[in-house]
2 protein chains.
Amino acid sequence: MATRAADTTRSDADPRPETDTTLRTAHAGPRARPGGRSARVRTAVHRAVIELLADAPAEQLTMPAIAARAGVHPTTVYRRWASLGDLLAAVAESRFTDDLVVPDTGSLRGDLRRWVTDVATDLTDPETLAIIRAALGSSTGGGCACIVERRTQLGAMLDRERDRGGVVPTVDRAADVLMAPLYFRALFTDQPGDADWAHDLADSLVDHCATTAVATRPSSA
Amino acid sequence: MATRAADTTRSDADPRPETDTTLRTAHAGPRARPGGRSARVRTAVHRAVIELLADAPAEQLTMPAIAARAGVHPTTVYRRWASLGDLLAAVAESRFTDDLVVPDTGSLRGDLRRWVTDVATDLTDPETLAIIRAALGSSTGGGCACIVERRTQLGAMLDRERDRGGVVPTVDRAADVLMAPLYFRALFTDQPGDADWAHDLADSLVDHCATTAVATRPSSA
DNA sequence: GCATTATTGCAGCGATCGTTGCGTTGACGC
DNA sequence: GCGTCAACGCAACGATCGCTGCAATAATGC
């Protein structure tokens with residue numbers, strides 16, 4: 001995990017019903033051409049979306065506006081991405097991968113405290129927030145793209161602690177205690193949540209897990 | 001709280017810089033006319049927004065479409081609501097008021113368990129989810145409108161318990177433990193969360209508050 | 001280097017959006 | 001009841017959106 005193909009080599013929404021895996025390999029066959037220019041266009045469009053979302057009232061984020069900002073013809077944007085929602089989901093996904101290294105401090109508590117702080121800091125960025133909001137607003141389940149990577153990171157830290165022999169909560173439980181408050185406050189309130197608060201979240205999860213042996217329970221949901 | 005003017009008598013976004021409170025009283029003066037027709041139009045437009053959000057891919061929610069669905073002329077919608085974001089925020093706010101009675105079972109645990117279940121059930125409704133998503137996506141901080149009423153309800157239950165002499169957490173803490181997971185799962189995942197899971201949330205808050213005397217701490221953030 | 005072809009640019013089109021001016025309706029105070 | 005004026009409907013307009021032909025470019029395999 002967290003080692004997916006780099007941002008410049010992936011094709012966003014290829015309408016051709018081919019197997020994605022074969023495209024990522026070196027011998028991609030005579031089809032698909034994610035070469036220099038396509039990658040450049042892709043990067044430019046993604047950056048344009050982020051920039052426009054940052055300093056624009058959103059909602060006036062249209063395909064032509066994105067194309068103009070990216071220095072690309074609108075037709076290109078229309079053809080490569082089926083809809084604005086797809087584009088937003090792609091931007092969200094590519095932005096939230098490889099942007100945050102999973103900490104490895106040696107203890108679960110240390111890892112979680114560090115990771116929660118990093119995520120909280122990231123959620124302070126207006127750009128990040130704008131992308132999440134826009135992706136959530138779009139129909140094409142762009143919301144999942146925002147957190148799938150974060151869930152993977154969380155799972156990695158829990159797995160590592162489990163390998164150390166510690167009792168760990170489920171990923172769902174950890175997401176409820178850590179990710180949920182982080183994202184909830186960032187999206188719905190004006191309190192970004194400071195470092196102390198974030199640390200308390202991590203501590204409460206670890207402490208609760210230490211006192212009660214709920215980790216072995218099958219867990220609801 | 002929860003006793004604001006009924007849905008049919010409020011004016012959404014009156015551009016006139018008057019004091020809102022005077023408008024709600026009976027002797028509203030010679031200005032403002034939230035009478036029968038205006039209220040009818042308002043209700044129709046709100047319903048149209050909800051209906052369109054329910055069975056449309058969203059994002060193709062435009063002012064003319066809303067007007068057509070509401071049986072109202074587009075000009076009316078343009079004039080009464082400054083932007084689509086304002087309209088969405090207004091719809092969100094009016095929908096999340098008076099739609100859920102604050103339970104009063106006699107104990108904080110019972111109140112919270114009941115309330116959490118109700119909120120979880122509400123978040124199962126696709127219409128509700130669509131409104132929240134759309135309001136979040138709009139620029140004009142429509143996100144706050146979705147939860148401000150819920151926060152008030154939560155605070156009311158906590159205040160009642162405090163009057164009973166019990167130790168209660170802060171509203172922020174309760175929101176982190178209860179509301180955050182509810183909304184996070186509803187927005188970002190496909191697991192709506194069942195009744196048992198919701199009850200566990202309420203229990204964890206009450207139990208944690210009972211074991212440790214953190215309630216008297218000034219609490220961060 | 002050269003042929004192939006995925007990808008982009010270009011021009012132009014229908015459709016719809018968002019706005020404005022003006023006449024009409026109907027809620028409110030008397 | 002009647003007059004007043006906020007709120008709505010109507011028609012028309014410019015602007016922009018989203019899409020589709022076809023030509024040009026450049027990445028890929030040989």
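Chain naming here is simple, since letters A, B, ... match the order of the sequence lines and numbering starts at 1 in each.
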Would you check if the side chain of A:Arg164 reaches a backbone N or O of A:Gly106 as a donor-acceptor pair within less than 3.5 Å?
yes

Does atom CG (A:Asp190) have a neighbourhood of more than 12 heavy atoms from anything else shown, all under 6.0 Å?
no

Counting only heavy atoms not in A:Arg47, do more than 12 fall under 6.0 Å of its CZ?
no

As a check of understanding: the bend across the helix from C:dG1-D:dC30 to C:dC30-D:dG1, end axes from five pairs, rounded to 10 degrees, works out to 60°

Side-chain N or O of B:Tyr78 versus OP1/OP2 of C:dT19: is the shortest distance under 4.0 Å?
no

With a 3.5 Å distance limit and no angle check, can you tell me whether B:Arg80 reaches the backbone of B:Ser38 through a side-chain donor-acceptor pair?
yes

Determine whether a donor-acceptor pair (one donor, one acceptor, N or O, separation below 3.5 Å) exists between the side chain of B:Thr75 and the base of D:dC10.
yes

Taking only the side-chain heavy atoms of B:His73 (C-beta and beyond), determine which of C:dT25, C:dT8, D:dC10 contains the nearest atom.
D:dC10

For B:Gln153 and B:Leu100, indicate whether the former's side chain and the latter's backbone hold a donor-acceptor pair under 3.5 Å.
yes

C:dA6, OP1 or OP2 - any side-chain N/O from A:Arg80 closer than 4.0 Å?
no

If I take atom CG in residue A:Leu61 and atom C1' in nucleotide D:dT16, what distance separates them, rounded to the nearest angstrom?
15 Å

If you take atom types as modelled and just measure distance, does the side chain of B:Arg79 reach the base of D:dG9 with a donor-acceptor pair under 3.5 Å?
yes

Looking at every heavy atom in both B:Asp104 and B:Arg160, which two are closest together, and how far apart are they?
OD1-NH1, 3.2 Å

Quick one, which residues of residues 63-72 of chain B touch DNA chain D with a heavy atom under 4.0 Å?
B:Val72

Start at the 5' end of DNA chain D and walk down; is the nucleotide closest to B:Val41 or to A:Thr62 reached first?
B:Val41

Find out whether B:Leu154 and B:Arg150 are in side-chain contact, i.e. whether some heavy atom of one side chain is under 4.5 Å from a heavy atom of the other.
no

Here the distance between atom P of D:dA24 and atom CZ of A:Arg37, to the nearest Å, is 14 Å

Give a yes/no answer on whether the side chain of A:Ser38 brings an N or O atom under 4.0 Å of OP1 or OP2 in C:dT7.
no

Will you find, in the side chains of B:Asp172 and A:Trp197, an N or O donor that is under 3.5 Å from an N or O acceptor?
no

Short side-chain N/O contact from A:Arg40 to OP1 or OP2 of D:dA27, under 4.0 Å
yes

Indicate yes or no for a side-chain donor-acceptor contact from B:Thr128 to the backbone of B:Leu123 under 3.5 Å, with no hydrogens or angles considered.
no

Protein-nucleotide distance (A:Asp86, atom CG; D:dG18, atom P), rounded to Å:
13 Å

